[in-house]
There are 2 protein chains.
Amino acid sequence: MNTDKLFEALSEPNRRSMLEYLRVRDRSVGELVELSSLSQPGVSKHLRILREAGLVTVRSDAQKRMYSLNAKPLEQLDDWLGPYRRYWSGKLDDLERFLDEEKP
Amino acid sequence: MNTDKLFEALSEPNRRSMLEYLRVRDRSVGELVELSSLSQPGVSKHLRILREAGLVTVRSDAQKRMYSLNAKPLEQLDDWLGPYRRYWSGKLDDLERFLDEEKP
DNA sequence: CATTTATATAACTAATGGGTAATATAATAA
DNA sequence: TTATTATATTACCCATTAGTTATATAAATG
């Protein structure tokens, strides 16, 4: 999946909230509307973006549509963070600086 | 620092590129302009946003302004990922699901 | 089948974002 | 001091986004 789309999807606070609600359990659109301060179409629109980023999946349950978290794409974010990790743990030593310049 | 601003700052591909260039070494604005396909004001504008998100710092070197990566705020991103980590490693067991519902 | 319930899509609007050229500011060099 | 170099800021423009209301679609129910 596309990294740009992933970051883009995560840049919106309401969408991040939705992911957290879905982390607890699957939710219908209606439930997500109640949990948010948005209109139903607003929620559906955000869900579409989360779907296209692969962060959620849907299944039908009668008239309802149940949304589930799919955290797989977040692994990409974790990978992206990889090279930065050593930086926030403190000062780099010379070897680390050297290794950084080898694989830019 | 603000999580919203952090995600927002990271949502733009050019800005993420700049962070990677700064990961290798400090850079002047001019260098970053050459490395990008943007105009100088364009680069300065992105740098402002990165600064306000705390992701870079500046120091003056004669007329130049040298920008440095500050990865500290990315630790927040790492923290945000925390609760999602177990999900992409595979199926949750019952205990994990239980723990998830305890701390929503 | 008509109605109700649940959700998606369409059409629109206001605000924001990213881009540029032009200009202001700041430090160095002549 | 004047000119040059380097960067930030301003003033725009256009495209995108997030939100809305209204409407379409789809399944369940009477």
Side-chain angles (χ1 to χ4, degrees), chain A residues 1-22 24-70 73, chain B residues 1-22 24-70 73:
Chain A
M1 181 55 59
N2 182 354
T3 305
D4 287 9
K5 260 193 180 177
L6 177 62
F7 274 99
E8 190 55 43
L10 295 176
S11 71
E12 215 284 327
N14 290 306
R15 288 196 285 266
R16 291 200 301 280
S17 296
M18 289 181 190
L19 292 182
E20 298 189 10
Y21 291 133
L22 294 175
V24 178
R25 77 179 86 94
D26 295 357
R27 312 269 191 178
S28 68
V29 177
E31 285 179 272
L32 291 171
V33 171
E34 286 177 19
L35 288 165
S36 76
S37 55
L38 301 174
S39 64
Q40 176 266 309
V43 169
S44 284
K45 239 171 142 183
H46 283 302
L47 285 171
R48 187 185 221 277
I49 294 182
L50 291 173
R51 248 186 292 128
E52 289 175 356
L55 288 164
V56 300
T57 58
V58 216
R59 69 173 186 282
S60 290
D61 175 20
Q63 306 113 312
K64 294 181 189 170
R65 316 214 67 197
M66 298 300 294
Y67 278 83
S68 309
L69 172 67
N70 178 30
Chain B
M1 182 56 57
N2 182 357
T3 305
D4 287 10
K5 263 195 179 177
L6 178 62
F7 274 99
E8 189 56 43
L10 295 175
S11 71
E12 214 286 327
N14 291 306
R15 288 197 285 267
R16 291 199 300 280
S17 296
M18 290 182 189
L19 292 182
E20 298 189 9
Y21 291 133
L22 294 175
V24 177
R25 77 180 86 93
D26 295 357
R27 312 269 191 179
S28 67
V29 176
E31 285 179 272
L32 291 170
V33 171
E34 285 177 20
L35 288 164
S36 76
S37 55
L38 301 174
S39 64
Q40 176 266 309
V43 169
S44 284
K45 237 170 144 184
H46 284 303
L47 285 170
R48 187 186 220 276
I49 294 180
L50 290 174
R51 248 185 293 128
E52 289 175 357
L55 288 164
V56 301
T57 58
V58 215
R59 68 173 187 284
S60 290
D61 174 22
Q63 305 114 313
K64 294 181 188 167
R65 315 214 68 197
M66 297 300 296
Y67 278 83
S68 310
L69 171 68
N70 178 30

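Below, chains carry the letters A, B, ... as their sequence lines are ordered, and counting in each starts from 1.
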Side-chain donor/acceptor of B:Lys45 to base of C:dG17, under 3.5 Å |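 In this structure, the two groups form no donor-acceptor pair.
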
Would you say the side chain of A:Gln40 and the base of C:dA8 hold a donor-acceptor pair, judged only by whether the two atoms sit under 3.5 Å apart?
->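 Indeed, a donor on one side and an acceptor on the other fall under 3.5 Å apart.
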
Where each residue is assigned the nucleotide of DNA chain D containing its nearest heavy atom, which of A:Arg15 and A:Ala62 is assigned the position nearer the 5′ end?
->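 Result of the comparison: A:Arg15.
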
In terms of the nearest nucleotide of DNA chain D, which residue is placed more toward the 5' end: B:Pro41 or A:Glu8?
->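 Closest to the 5' end, via its nearest nucleotide, is B:Pro41.
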
Protein-nucleotide distance ([X], atom [atom1]; [N], atom [atom2]), rounded to Å:
{"X": "B:Arg65", "N": "C:dA26", "atom1": "CZ", "atom2": "C1'", "value": "9 Å"}
{"X": "B:Leu47", "N": "C:dG17", "atom1": "CG", "atom2": "C1'", "value": "16 Å"}
{"X": "B:Lys64", "N": "D:dA8", "atom1": "NZ", "atom2": "P", "value": "13 Å"}
{"X": "A:Glu12", "N": "C:dG17", "atom1": "CD", "atom2": "C1'", "value": "14 Å"}
{"X": "B:Met18", "N": "D:dT7", "atom1": "CE", "atom2": "P", "value": "13 Å"}
{"X": "A:Glu52", "N": "D:dT16", "atom1": "CD", "atom2": "C1'", "value": "14 Å"}
{"X": "A:Met66", "N": "C:dT5", "atom1": "CE", "atom2": "P", "value": "19 Å"}
{"X": "A:Arg59", "N": "D:dA27", "atom1": "CZ", "atom2": "P", "value": "16 Å"}

Are any of [X]'s side-chain N or O atoms less than 4.0 Å away from OP1 or OP2 of [N]?
{"X": "B:His46", "N": "C:dG19", "value": "yes"}
{"X": "B:Ser39", "N": "C:dG19", "value": "no"}
{"X": "B:Arg48", "N": "D:dA8", "value": "no"}

Considering all heavy atoms of both residues, which atom of A:Pro73 and which atom of A:Leu6 are nearest to each other, and what is their separation?
->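 What the structure gives for the nearest pair is O-CD2, 3.3 Å.
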
Selected nucleotide, minimal atom distance to [X] side chain, candidates [options]:
{"X": "B:Gln63", "options": "D:dT21, C:dA8, C:dT28", "result": "C:dT28"}
{"X": "A:Tyr67", "options": "C:dG18, C:dA8, D:dT7", "result": "C:dA8"}
{"X": "B:Asn14", "options": "C:dT7, D:dG19, C:dG19", "result": "C:dG19"}
{"X": "A:Leu38", "options": "D:dA18, D:dG19, C:dG19", "result": "D:dG19"}

Is B:Gly42 touching bases, backbone alone, or none of the nucleic acid, heavy atoms closer than 4.0 Å?
->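 Base contact - B:Gly42 has a heavy atom under 4.0 Å of at least one base atom.
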
Remember a base hit wins even if backbone is also touched, and classify A:Ser60 as base, sugar-phosphate or nothing at under 4.0 Å, heavy atoms.
->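 The answer is nothing, as A:Ser60 stays clear of every strand by at least 4.0 Å.
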
At what distance, to the nearest 0.5 angstrom, does CG of B:Leu10 lie from CG of B:Leu55?
->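 Rounded to the nearest 0.5 Å, the CG-CG separation comes out at 5.5 Å.
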
Between atom CG of B:Asn2 and atom CD of B:Glu8, what is the distance when rounded to the nearest 0.5 Å?
->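 Taking CG in B:Asn2 and CD in B:Glu8, the distance rounds to 10.5 Å.
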
Within the side chain of A:Arg27, is there an N or O that forms a donor-acceptor pair under 3.5 Å with the backbone of A:Leu32?
->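 Not confirmed, A:Arg27 side chain does not pair with A:Leu32 backbone.
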
Stepwise side-chain contact (heavy atoms from CB on, under 4.5 Å) check, B:Glu31 with B:Ser28 = CA-CA 5 Å; B:Glu31 285 179 272; B:Ser28 67; 3.4 Å; yes

Hey, does B:Val43 have a side-chain heavy atom less than 4.5 Å from the side chain of B:Met18?
->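 In contact.
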
